[in-house]
Every structure is written in structure tokens, then in C-alpha cells.
There are 2 protein chains.
Amino acid sequence: MTAYILDRIEGQLDTLSRSEADVGRWVLEHPRQVIDQSISELAVVAGVSEPTIIRFSRSVGVSGFRELKTRLIANLQRPESYLHHDVDAQDSAIDAAGKVLERSIWALVELREQIPKQPLEAAVEAMATARQLVFSGLGASGIVAEDACHKFFRLGIPCSSTVDSQTILQRAAIAGVGDVHVAISHTGQWPDLVRAMALARRNGATVIALTDPRAPLAEQASLVIECHPPEDTNLYTPMCSRLAQLALLDALQVALALARGEAAEVALSRSKDVLRYR
Amino acid sequence: MTAYILDRIEGQLDTLSRSEADVGRWVLEHPRQVIDQSISELAVVAGVSEPTIIRFSRSVGVSGFRELKTRLIANLQRPESYLHHDVDAQDSAIDAAGKVLERSIWALVELREQIPKQPLEAAVEAMATARQLVFSGLGASGIVAEDACHKFFRLGIPCSSTVDSQTILQRAAIAGVGDVHVAISHTGQWPDLVRAMALARRNGATVIALTDPRAPLAEQASLVIECHPPEDTNLYTPMCSRLAQLALLDALQVALALARGEAAEVALSRSKDVLRYR
DNA sequence: TTCAGTTATGTAGCAAAACTACAAATATAT
DNA sequence: ATATATTTGTAGTTTTGCTACATAACTGAA
């Protein structure tokens with residue numbers, strides 16, 4: 001889900017069909033003109049039919065022509081310097097670190113743009129009235145789950161985190177109405193996690209998934225919060241999704257604290273006070 | 001051709017008629033939502049009729065609603081828009097979440113600017129030749145330590161994480177030459193952690209501190225990497241420092257992987273392969 | 001080659017969006 | 001109070017993005 005839609009088009013150019021690639025090339029060469037064009041105008045200059053434009057849009061990962069334009073406008077506002085910043089073997093430690101940080105920043109900027117589309121109000125409402133919160137994740141997401149638990153318990157809500165398949169399944173088996181399970185997974189593909197959440201939901205629990213909306217996990221969830229920065233194929237950068245998940249849970253926690261008002265405020269300031277040094 | 005349409009709207013607000021000013025205020029408060037709205041939707045929430053929206057657009061100097069949206073998208077891409085506002089009790093979940101994320105982004109941007117001043121090369125060198133890495137942190141930083149451990153072991157270096165005072169002290173007591181201890185602490189004030197790192201260092205270990213360079217912990221460390229985004233006094237402020245620490249360790253890990261070259265690459269891809277789904 | 005099955009592309013039509021013309025309502029001046 | 005100007009909304013038109021379906025172009029096996 002990249003704001004650098006032009007990069008994405010370029011990268012996918014050879015996986016597209018002939019007509020769609022024609023569109024792609026035209027867009028890459030005249031992105032600023034596309035912004036002021038309608039589908040039919042673009043269809044004429046690219047030499048294809050109108051539906052092809054729409055299919056092209058979907059192929060490069062946006063919902064339609066409207067969103068394609070939105071992405072182009074956004075892309076063209078960005079400084080070039082954020083482009084092409086993959087770490088390579090010649091980089092010094094400082095260069096490499098800078099690039100990694102830029103990529104992380106970029107992932108959060110992307111995430112921030114998604115926020116208005118996410119069902120946060122519904123998530124907050126479910127959590128505000130929950131009997132308990134259970135955060136589940138495997139591998140790196142397990143650590144995110146633990147972090148979330150560590151953060152949400154301060155609001156005075158019973159919280160726990162589960163980070164291995166067995167425990168997640170057992171938890172799901174005894175879940176009931178009023179429980180809110182938060183499943184964290186970048187890919188949303190792990191069969192055990194998907195099974196567990198399906199089970200929890202059958203048992204009456206609310207399941208909130210932080211994942212890719214097209215993943216199996218999303219199908220089982222009551223609420224899906226999209227959190228799926230594209231992980232680079234680059235070997236060295238498997239960490240953007242983790243950061244995005246953490247930041248999103250931060251945001252949720254604050255929203256939840258606001259929703260719970262007074263009670264949360266008291267619990268929060270107590271847990272802050274106890275950490276003073278003298 | 002002003003890219004900052006929001007500024008323009010704000011400036012013209014008092015020259016507009018009552019209904020048009022209503023629209024202007026709504027747009028200023030929810031610019032991101034307007035991007036995904038149609039005229040009729042905006043008309044409803046602003047409490048005016050559809051043509052008023054178009055007249056408003058023209059009043060602020062664009063040709064129509066379409067261009068207004070274009071300008072908004074462009075405006076919101078500008079980095080200045082990420083200057084943070086504080087969360088307050090009137091915010092909706094989405095507004096609050098947006099603000100929290102903006103603050104996190106800002107913290108990382110600050111951190112990125114610090115990167116060239118940090119002794120990363122030295123840290124990488126120490127880690128590259130280490131007998132083992134020990135990550136230590138208390139509370140929220142403990143989770144960062146665990147995350148780091150989870151990340152660095154993939155490079156094929158013996159790693160562990162310690163997250164409570166007793167264990168940290170014991171580890172420090174048996175530390176020796178070749179061990180690298182990484183202490184993670186926002187304030188750098190916790191007496192137990194400071195004592196433990198002083199002890200580890202006396203025993204010959206290298207101590208890398210991710211903390212405030214003016215803190216006691218920094219004095220005891222062999223290397224200090226500054227990682228100290230100002231925590232807000234605001235009750236609802238999330239832990240930006242946690243995010244910054246994670247991102248910085250991500251960066252360090254990548255730099256370290258590069259430094260170790262071939263060996264790390266093999267270990268990394270092995271630990272990725274084992275996680276495939278079928 | 002031929003022919004089924006698949007993929008790619010286009011035609012025609014629809015629903016929603018942006019926009020316009022005009023009339024009603026409101027404010028302002030005499 | 002009346003006339004004039006300004007502001008706002010109603011109803012209708014045009015444009016736009018999109019969908020359903022049909023046709024064309026490939027692909028691979030007999």
C-alpha cells in the first residue's frame with residue numbers, strides 16, 4: 001500500500017498484460033497530466049478501453065481510478081530523495097541506519113494516512129466495554145502483543161498476552177461473550193492463529209485483527225484494522241510491520257483512554273506516578 | 001497556485017458568507033476525511049447544500065470541488081502538516097489516533113537527524129566481534145530488549161535479554177571480556193540498571209547504552225547512543241521513546257548484518273525460510 | 001493443425017458524482 | 001414598507017467512474 005505509486009507501477013510493469021502495461025508506461029511518462037484527465041481521456045491517449053484503465057488501477061493495488069489519481073497527486077508532492085533507498089553492501093553503518101530509519105518513518109506515514117478509513121471507533125467501543133483483552137501474536141508479533149498488554153493494562157482493564165500457538169488455542173477455546181481478542185499478524189496467514197480466532201469468535205468473543213485485509217485471518221475477525229506496510233523483499237528489512245503495529249496500538253490505547261474518560265485517567269496517572277525515581 | 005490550500009482557507013474564513021464559512025471550518029478540522037468524501041457527504045456533515053460546497057471551492061480560489069480535493073491531498077503531503085497537536089478529550093478516536101501517529105513519526109524524524117552524530121560504527125564493530133550480546137531493559141524498555149534479542153539472534157550471534165533488576169545484576173556479575181551489554185532506558189536513571197552496567201564494565205564487558213547522554217547510565221557506558229525523544233507531560237502521550245529505541249535497534253541490526261557480510265546473510269535467510277507456510 | 005479452456009480486452013449500460021440554472025429566502029438600503 | 005442585492009437551496013443536466021457481459025486473443029493438449 002505504497003504512497004509511491006509510481007515506483008509500484010514501475011515495479012509491476014512486466015507482470016501486467018500488454019494493454020495494462022501500455023497504460024502503465026503512459027502514466028509513468030506523464031503522471032502530471034493523468035491527474036487532470038478522466039478515464040476516457042486517458043483511455044484514448046494510452047490506446048486502450050476504459051475498463052482497462054480500471055483493471056490497471058486494481059492491478060497496481062488501488063481500488064479504482066479515483067484512488068489512482070489520489071496516489072499520483074500524493075506521489076508527486078514527495079521529495080525524490082525518499083525514493084530508491086535500499087540498503088546495500090557498500091553502505092557505512094550510518095548510511096544503512098539512516099536508510100532503515102527512513103523506511104520506518106515512511107511506513108508510519110503510510111499508516112497515518114490509512115487511519116481515517118479504519119474502524120477505530122468500533123474497536124474502541126468493543127474494548128471499552130470488554131470483560132478482558134487478550135493480545136495474541138506469533139514470532140515478532142508476539143512481542144507486539146506483549147507490548148500491547150503492557151500498555152493497555154494501565155487503563156484498568158484486565159489484559160493478557162499469548163505468544164504461542166498452544167496457549168492461543170486454549171485461550172480461544174475458553175473465550176466467551178465480552179472477551180475481546182486482538183490478533184496481530186503481518187501476513188494473517190498462520191493457520192493456528194486463524195483457527196484460534198475463528199474459534200474465539202464462535203464462542204462469542206469479539207476478534208479484532210491487525211493484519212492484511214485480504215488475509216484469511218481478516219475473514220475470521222469481527223473487525224479488521226489494516227496494518228500491512230509492504231515488507232521489502234530486501235533481506236535486511238523485516239521490521240516495518242512490527243513498528244506499524246506498535247504505533248497503531250499506541251494510537252488505539254490513547255483513543256480508548258479518551259473513551260473511558262475519568263476512570264482511565266486515574267489508572268493512567270497512578271501507573272505513571274509509581275515509576276518516579278524518588 | 002498555492003500548495004497550502006488549508007492556509008488559504010483559514011485566511012479567507014472571515015471574508016466568506018455564513019454557510020461557506022461553515023464549510024471552511026469543517027474542512028479545516030477534518031481535511032483528511034474530505035478527501036474521501038463526495039460533495040453530498042460533505043454537504044450533510046457541514047450542514048449546507050451541495051452548490052454551497054462548489055461556491056465555497058471557487059471562493060477559496062480553485063475551479064471546483066474536484067480541484068479542492070486535489071489541493072487538499074497535496075497539502076497534506078507536506079511535512080509541515082505533521083507538526084503535532086496534542087490529543088484532547090474532545091477528539092474522536094480517529095482524530096486522536098492520527099495525532100498519536102503524527103507524534104510517533106515526528107520522534108522518528110528527529111531520531112533520523114541524530115543518526116550521523118551517533119557512534120554507530122563503533123557499536124557495530126563491538127557487536128560484530130562479540131562473544132555474546134545481552135540486551136537489558138526495565139518495564140517498557142524490557143520489551144524493547146526482548147525484541148532486540150529476537151532480532152539479533154538471527155544474525156547467528158548468541159543473544160539474550162534480561163528484563164528484571166535481579167537478573168540484570170547477576171548477568172553483569174558474570175560478564176567478561178568479549179560480552180556486549182546493551183542497556184536500554186529512556187531516562188537512564190534507574191539505579192539498579194546503572195549499577196549493573198558499571199559492574200559489567202568493570203568485568204571487562206563493553207556496555208552500549210541507548211539513553212539520554214546526560215543521564216547517570218550514560219556515564220557508565222562504553223558507548224552512548226542518544227535516543228531520547230522528549231516525553232510529553234500529556235497523560236495520553238504514548239511512549240515515543242520505545243518506538244525510537246526499536247527503530248534504532250532495527251537500524252543497528254541492519255548495519256551489523258552488513259558488517260558481518262556473508263555469515264549474517266546466510267543465517268538471516270535460513271531463519272526466514274523456516275517460517276514459510278508450506 | 002485443431003479445439004477446448006483460459007485469459008485479456010472491449011461494448012454497452014448504469015449509478016453516482018460534480019456541476020448548472022433558476023427560484024426562494026434572507027439581508028440591506030432607501 | 002418596498003426595492004435591490006446577496007445568499008442559499010431545489011431540481012435537473014452532464015460527466016464520470018464503474019459493472020456486466022460478450023467477444024477476441026491467447027495457450028496447451030490431442
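Bear in mind that the values here come from a model prediction, so they are computed numbers and not experimental data. Order of the sequence lines sets the chain letters (A, B, ...), proteins ahead of strands, with each chain counted from 1.
Inspection of the A/Ser40 and A/Ser38 side chains reveals an N or O donor paired with an N or O acceptor under 3.5 Å.
For the pair A/Arg55 CZ and D/dT19 C1', the interatomic distance rounds to 10 Å; values are reported in whole Å. The CD1-P distance, from B/Ile39 to D/dT16, rounds to 14 Å in whole Å. Across the protein-nucleic acid pair, A/Gln37 atom CD and D/dT15 atom P stand 17 Å apart, rounded to whole Å. Nucleotide D/dT16 holds its P atom 12 Å from the CG atom of A/Asp36, rounded to whole Å.
Nucleotides of DNA chain C that come within less than 4.0 Å of any heavy atom of chain B span, from the 5' end to the 3' end, C/dA17 to C/dT20.
Across all strands shown, B/Ile54 has heavy atoms under 4.0 Å from base atoms, whether or not it also approaches the sugar-phosphate.
Contacts between residues 44-53 of chain A and DNA chain D, counted as heavy-atom distances below 4.0 Å, involve A/Glu50, A/Pro51. Non-hydrogen atoms lying under 4.0 Å from DNA chain C are contributed by nothing in residues 13-26 of chain B.
Within the 4.5 Å cutoff, the side chain of A/Val182 has heavy atoms near those of the A/Met127 side chain.
For residues 33-49 of chain B, no residue pair satisfies the salt bridge (charged side-chain N to carboxylate O under 4.0 Å, His left out) rule, not counting sequence neighbours. The ring pair (Phe, Tyr, Trp, His ring centres under 6.0 Å) analysis of residues 15-73 of chain B, with sequence neighbours excluded, yields the pairs B/Trp26-B/His30.
Within 6.0 Å of CD in B/Gln12 there are more than 12 heavy atoms belonging to other residues, nucleotides or ligands. Within 6.0 Å of CZ in A/Arg25 there are more than 12 heavy atoms belonging to other residues, nucleotides or ligands. Counting heavy atoms of neighbouring residues, nucleotides and ligands inside a 6.0 Å radius, atom CD of B/Gln37 exceeds 12 of them.
When all heavy atoms of B/His150 and A/Ile143 are compared, the closest pair comes out as CB-CD1, 3.6 Å. B/Ile73 and A/Thr70 get closest at one heavy-atom pair: CD1-CG2, 3.6 Å.
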Could you walk me through whether B/Arg242 and A/Asp147 pass the salt bridge (Lys or Arg N to Asp or Glu O under 4.0 Å) check? CA-CA 10 Å; B/Arg242 185 174 97 296; A/Asp147 181 86; 2.5 Å; yes
Worked verdict on A/Lys117 versus A/Glu226 for salt bridge (Lys or Arg N to Asp or Glu O under 4.0 Å): CA-CA 9 Å; A/Lys117 298 179 202 156; A/Glu226 182 168 354; over 6 Å; no
Given the rule in the side-chain contact (heavy atoms from CB on, under 4.5 Å) test, do A/Ile225 and A/Leu252 qualify, once you have shown the distances and angles that lead to the verdict? CA-CA 11 Å; A/Ile225 299 180; A/Leu252 255 183; 4.0 Å; yes
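Rounded to 10°, the helix from C/dT1-D/dA30 to C/dT30-D/dA1 has 20° between the axis fitted to its first five pairs and the one fitted to its last five.
Here the CG-OG1 distance, from A/Leu217 to A/Thr211, works out to 5.0 Å after rounding to the nearest 0.5 Å.
In terms of position on DNA chain D, the residue among A/Glu41 and A/Arg58 whose nearest nucleotide sits closer to the 5' end is A/Glu41.
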